[in-house]
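Chain naming here is simple, since letters A, B, ... match the order of the sequence lines and numbering starts at 1 in each. These values consider heavy atoms only, across backbone and side chains, with no hydrogens, waters or symmetry-generated copies.
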Protein chains: 2
Amino acid sequence: MSSRQAFIPHPASAGPGQGLSPVVRGRAVTRTSDRVYDELVSAIRELRLVPGASLSETDLAERLHVSRTPVREALARLADAGLVHVVPQVGTRVGLIGLRDVEEARFVRESLEISAFEVACEGSAPDVSTLRELLERQEHSYRTEDYNAFFAADEALHGEIFNLSGYPGAWQAVQRTKLQLDRLRRLVLPDLAAVRVLIDEHRSIVDALEATDIAAGRTLISRHARRAIELAPSLRARYPDYFTD
Amino acid sequence: MSSRQAFIPHPASAGPGQGLSPVVRGRAVTRTSDRVYDELVSAIRELRLVPGASLSETDLAERLHVSRTPVREALARLADAGLVHVVPQVGTRVGLIGLRDVEEARFVRESLEISAFEVACEGSAPDVSTLRELLERQEHSYRTEDYNAFFAADEALHGEIFNLSGYPGAWQAVQRTKLQLDRLRRLVLPDLAAVRVLIDEHRSIVDALEATDIAAGRTLISRHARRAIELAPSLRARYPDYFTD
DNA sequence: GCCAGTGCACTTGTATGCAAGTATGCTGAT
DNA sequence: ATCAGCATACTTGCATACAAGTGCACTGGC
């Protein structure tokens, strides 16, 4: 076989590369198509499937021990989300990280999160207990250097802000466009100092929310949202094949 | 206008062979799956497929003169977008208009459009020539009472605001969440007076943009975004079967 | 050595067959 | 008349077979 580098793990992690975990076929309480979709999304987000990697329906099917049908349905949804590109009769590739898409995701996220912050401040004192708890989880992840746990708690914290605003669905809208940005953050994640900064920013945002200080919130969220992006140039220099305009 | 034939006016009337788009089986430049998807999206948006209508893969397949496979892929993408709901081994239905989803779509749209407005004002005097042209098209649609043309020009105008902001992709993000709201507007659209109000509001927004009056833009866009929603209660009273919380 | 041409291997797109689950309506008994 | 039980038709999920197009490598000729 030629370049079978479709399932490289994280480019920076030296751990043994585990590809896609096979989806067990059998009595399905959940649909196989959904499992394949979830598996592919997480694989792309976690860069186990690197940008530009060529996918093959038949290859994925036998790798996941399913037929092509559910794989095709999952790929159709992924193509709809812009995570993969399908060229008929030619092939399917994992989409590259588009810097323009990343910048637009930043715009969407910053705008909506600031708006959610403002709405959350409008009522009386918002309940920040869940946010405090998530901050604790992040601190724990920082101490144990568990990047995956931090990543999950990070997601949950920003989602909680939308919950407090009363528009939890808006967070789903953000996440759709944010997938490009997530991959960027994955590249920079194994940096303990950067995680320290992010947690501190999170705490400041939570403090501002508790004080219903809208002006501070706007500034903090804006700066926080632009944090990941400012590293894009150096990351592109390090992984040029993963990026595009 | 390229208004295709409605293939399902109402779920109860299962008339014979309501001709679909002439989908020639076999030789196809565009993928059958995509054509089916586009057809279904427009049918749902234009309420030719009413909320709650039950769909059947086999029925759609023979109606469109294709096999179930492309229909299934289209439905999978539609389910991902929240336009249809698939219950395994039970059936597929067009999603109801969720008032909560509508309100969240309003939030997303208002937030992003205001942000785009602000960014578009940041530079020097923005080029509003395209917007003026779209306003003229809307006036023409108003005079000829061509609601479909007005709907299209309305879409284009709001999209142009995002173009001027430099974040055209954000408009795509809005449109995804806005589908619920579009159906609501379809219900209220055949009202000439309402169209008159909308056009006037559009003109005010364009004026504010040309004058780079951010404060006015915020107020105008906010009011404009809430315009469609304020009719939701009466619409729900009129079409109770189409709505849900 | 180089280039043109061709065949093959691989890709995705589509159609069809089969399996499993659910709702419905009919039938028979009480 | 009413209700329990069952057969049947209909639904979606999955696997497989076939079709069509593309790129590439190999081969033959120059």
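When each of D/dT16, D/dT12, C/dA15 is scored by its nearest atom to the side-chain atoms of A/Ser67, the top-ranked nucleotide is D/dT16.
No donor-acceptor pair under 3.5 Å is formed between the side chain of A/Ser111 and the backbone N or O of A/Phe107.
Across the protein-nucleic acid pair, A/Leu55 atom CG and C/dT12 atom P stand 8 Å apart, rounded to whole Å. Taking atom CD of residue B/Glu62 and atom P of nucleotide D/dT12, one finds them 12 Å apart after rounding to whole Å. What separates CG of B/Asp59 from P of D/dT11 is a distance of 7 Å, to the nearest Å. Look at CZ on B/Arg68: it is 18 Å from P on C/dG13, rounded to the nearest Å. The distance between atom CD of B/Glu57 and atom C1' of C/dT14, rounded to the nearest whole Å, is 15 Å. We find that NE2 of A/His65 is positioned 23 Å from P of D/dG13, with the value rounded to whole Å. Atom CG of B/Leu60 is separated from atom P of D/dC10 by 16 Å (rounded to the nearest Å). Here C/dT12 presents its C1' atom at 12 Å from CG of B/Asp34, a figure rounded to the nearest Å.
Between A/Thr32 and D/dC14 there is a side-chain polar atom (N or O) within less than 4.0 angstrom of OP1 or OP2. Dashed line: the shortest gap from a side-chain N or O of A/Arg72 to OP1 or OP2 of C/dG13 is under 4.0 Å. A close approach under 4.0 Å does not occur between any side-chain nitrogen or oxygen of A/Thr58 and OP1 or OP2 of C/dT12. Considering only side-chain N and O atoms, B/Thr92 lies under 4.0 angstrom from the phosphate OP1 or OP2 of D/dT12. The side chain of B/Ser56 places an N or O atom within less than 4.0 Å of a non-bridging phosphate oxygen (OP1 or OP2) of D/dT11.
Side-chain N/O atoms of B/Gln89 and base N/O atoms of D/dT12 include a donor-acceptor pair closer than 3.5 Å.
Taking the ring centre of B/Tyr242 as origin, the terminal cationic atom of B/Arg236 falls outside the region bounded by 6.0 Å and 45° from the ring axis. For the pair A/Arg31 and A/Tyr37, the cation does not sit on the ring face, since its NZ or CZ is not both under 6.0 Å from the ring centre and inside 45° of the axis.
Nucleic acid contact class of A/Thr69 (heavy atoms, under 4.0 Å, all strands): base.
Between B/Leu40 and B/Leu75, some side-chain heavy-atom pair lies under the 4.5 Å cut-off.
A residue-by-residue look at A/Pro70 and B/Gly91 shows that B/Gly91 has its nearest nucleotide of DNA chain D further toward the 5' end.
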Could you walk me through whether B/Glu103 and B/Arg106 pass the salt bridge (Lys or Arg N to Asp or Glu O under 4.0 Å) check?
CA-CA 5 Å; B/Glu103 171 60 14; B/Arg106 194 273 312 163; 2.5 Å; yes
